[in-house]
Amino acid sequence: MTSPFAELGLGSALIESLTQLGYEEPTPIQREAIPPLLAGRDLLGQAATGTGKTAAFALPLVEALTGEEPRAGRPFILVLVPTRELAMQVAEAFHRYGRARAARVVPIYGGQAFDQQIRALRRGAHVVVATPGRALDHLRRGTLDFADLTAVVLDEADEMLDMGFAEEIEQILQSAPTERQTALFSATMPPRIAAIAERHLRNPARVQIRREKAAQGEVPRVRQTAYIVSRAQKVPALGRVLDLESPGLAVIFCRTRTEVDMLAETLAARGYRAEALHGGMTQEQRDRVMKRTRSGAIDLLIATDVAARGLDIEQLTHVVNFDVPSSPAAYVHRIGRTGRAGREGVAITLAEPREHRLLRNIEQLTRQKIQIATVPTVLDVRARRLELTRASLREAIIAGDLDGYRSVVESLAGEFDVLDVAAAAVKLIHAESAGAAGADEDDEIPSSAAADDRRAGAKPRSQPKEREPRGAQAPRAPGAGMVRIYVGAGRKANMRPADLVGAIANESGIDARGIGAIEIADTFSLVELPEEVVDQVIAALRGTTIKGKRLTVRRDQARSRGPTAPARTRPASGSRSSRD
Ligand code: AMP
């Protein structure tokens, strides 16, 4: 059987890696982007995170590596990404996809010691994945050299611009050889991105996955709910949702075979009647699972898209997307399996915070609302289970035939209140039915969209409030345990709170949610930070550029004057950045 990845022109070594990763077929962006990139063309791709875009550029670029050894500090491929989290993720993905070709990948980002990065660069890397500020720093120090670059990728270009990296990107592209391949990916295509593409891409192939249309009438009427949860919380969140929804029969879709197997095993271990269905199984194995599904021996069928194709099960009550599917069409296709024969279907999607945009794309295409809900709490699940217990009790009472049990109640009735006896019986049934719910009973599952957002640094859910220091008025004292830092650029330099949050979180690696109030004055900004991270942040910011400039960063001296500091004007110290 030839792999659908082979049809795109990928060689057998990479295809073998993909099979091992459990990928069954290319996602739409991969189908569109891989052939032109393999042909050496430039590419302008509009695709959000979660569409499989990393593999869409990593696979063809790795395929094009010649086997030549990279020289110290001179990579062949440079990928620019907006945040350190993304640098790590993309480097990790490149490593996975490039394993068959023994591609060495080095992530380079702010907040990490230069020494370590320099050592890794010296060893020679085929691929460098970098945040723009840090890449430029290395370029200036001479520890990174772009002379041997054959390909440059700008990943999440809109995010990079939002974070103020425009100048760095320009400088980097100007330092790269003109004879090179360039790919630009962006979730949105505002004019600023189009301008960069115009300047730096040559006759690019254009790929726009969002254009895909779901034919009218194809979208079934289904109750659609999404829960935003971090990767680590997906399994417990799924458990709660399943307990709340108590589906008759659900198909749970995963992206890869590996994930299908993992989830089927995990759910089975938690007491659910769950089985796997994917393309790596023999026809006979699949037939057996389908038979058990139809006979009612299975409640949860965990499947890949490929394996579930053509699946037609009358009893299906729920479709669950363990991940947001890689295209709106795939979503429509999946949820079309429920809600048949006039019954209401339910589609549930577990989305990671960074996949929010994919949900919006789907809503736009289907013109239907996806309700964003919070993960049920232990109390919700408990209430629901009690409701089920009550319903079962009512049925049992109506069904009668209780004589064999009455004597137990009677014997206890002399000693205890009959209501207590009944309540204890309910407790026992309840405890029994809770068996499947797993061990996460007491853990709260954070369902906020900020949880584990790899871009929390750039766009925290609750933006810190921007306060405007007015004239000679003293800014209020920092909160308990918080310290203010002074950054030598303000409104005149177009500094926005998001620039500061982005720089701090990405360069120093601290959690953006820990950042306190931000004040932006004309020529400087003040940022409140937890005392324990202040030195780390100052060191990180001093080692990088913000909005393309190296700025003065230090503890705000006003702090020592205490909360009742007299009115003051901004420091007359000459340490303010003269570059504003
Ligand atoms: P990305 O949009 O690059 O962040 O990828 C999103 C997720 O999809 C990652 O977890 C990848 O491992 C996964 N993925 C990428 N391509 C495929 C594919 N063809 N089949 C299954 N999963 C994939």
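Residue numbers run from 1 in the order of the sequence given. When a ligand or atom number is given, it counts from 1 through the structure's own listing order.
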Legend entry - Contact atoms of ligand 1, heavy-atom distance to T256 under 4.0 Å: 21 (C), 22 (N)

Legend entry - H138 vs I108 side-chain heavy atoms within contact, under 4.5 Å: yes

Inset, instruction - Kindly indicate whether the side chain of F253, heavy atoms from C-beta on, has any atom under 4.5 Å from the side chain of D323. - result: no

Inset, instruction - Return a yes/no value for Y23: is any of its N or O atoms, backbone included, closer than 3.5 angstrom to an N or O of ligand 1? - result: yes

Legend entry - Atoms of ligand 1 close to T54 [distance to a heavy atom under 4.0 angstrom, numbered from 1]: 1 (P), 3 (O), 4 (O)

Inset, instruction - Could you tell me if any non-hydrogen atom of E25 lies under 4.0 Å from any atom of ligand 1? - result: yes

Inset, instruction - Report yes if some N/O of G50 lies less than 3.5 Å from some N/O of ligand 1; otherwise report no. - result: yes

Inset, instruction - Ignoring hydrogens and angles, tell me if any N or O in the side chain of R101 forms a donor-acceptor pair with the backbone of L65 under 3.5 Å. - result: yes

Legend entry - F5 neighbourhood, listing ligand 1 atoms whose heavy-atom distance to it stays under 4.0 Å: 19 (N)

Inset, instruction - Please determine, by modelled atom types, if T545 and E168 share a side-chain donor-acceptor pair under 3.5 angstrom. - result: yes

Legend entry - Within-cut-off N or O pair, T49 and ligand 1, under 3.5 Å: no

Inset, instruction - Could you verify whether a donor N or O on one side chain and an acceptor N or O on the other, from E24 and H278, lie under 3.5 Å apart? - result: no

Legend entry - Contact check, side chains of F165 and L80, non-hydrogen atoms, under 4.5 Å: no

Inset, instruction - Before signing off on this row, confirm whether A55 and ligand 1 have an N or O atom pair separated by under 3.5 Å. - result: no

Legend entry - Flag for Q371-Q224: side-chain donor and acceptor within less than 3.5 Å: no

Inset, instruction - Find all atoms of ligand 1 within a distance of less than 4.0 Å from any non-hydrogen atom belonging to R354, and give their numbers and elements. - result: 4 (O)

Inset, instruction - With heavy atoms only and a cut-off of under 4.0 Å, state how F185 meets ligand 1: side chain, backbone, both or neither. - result: neither

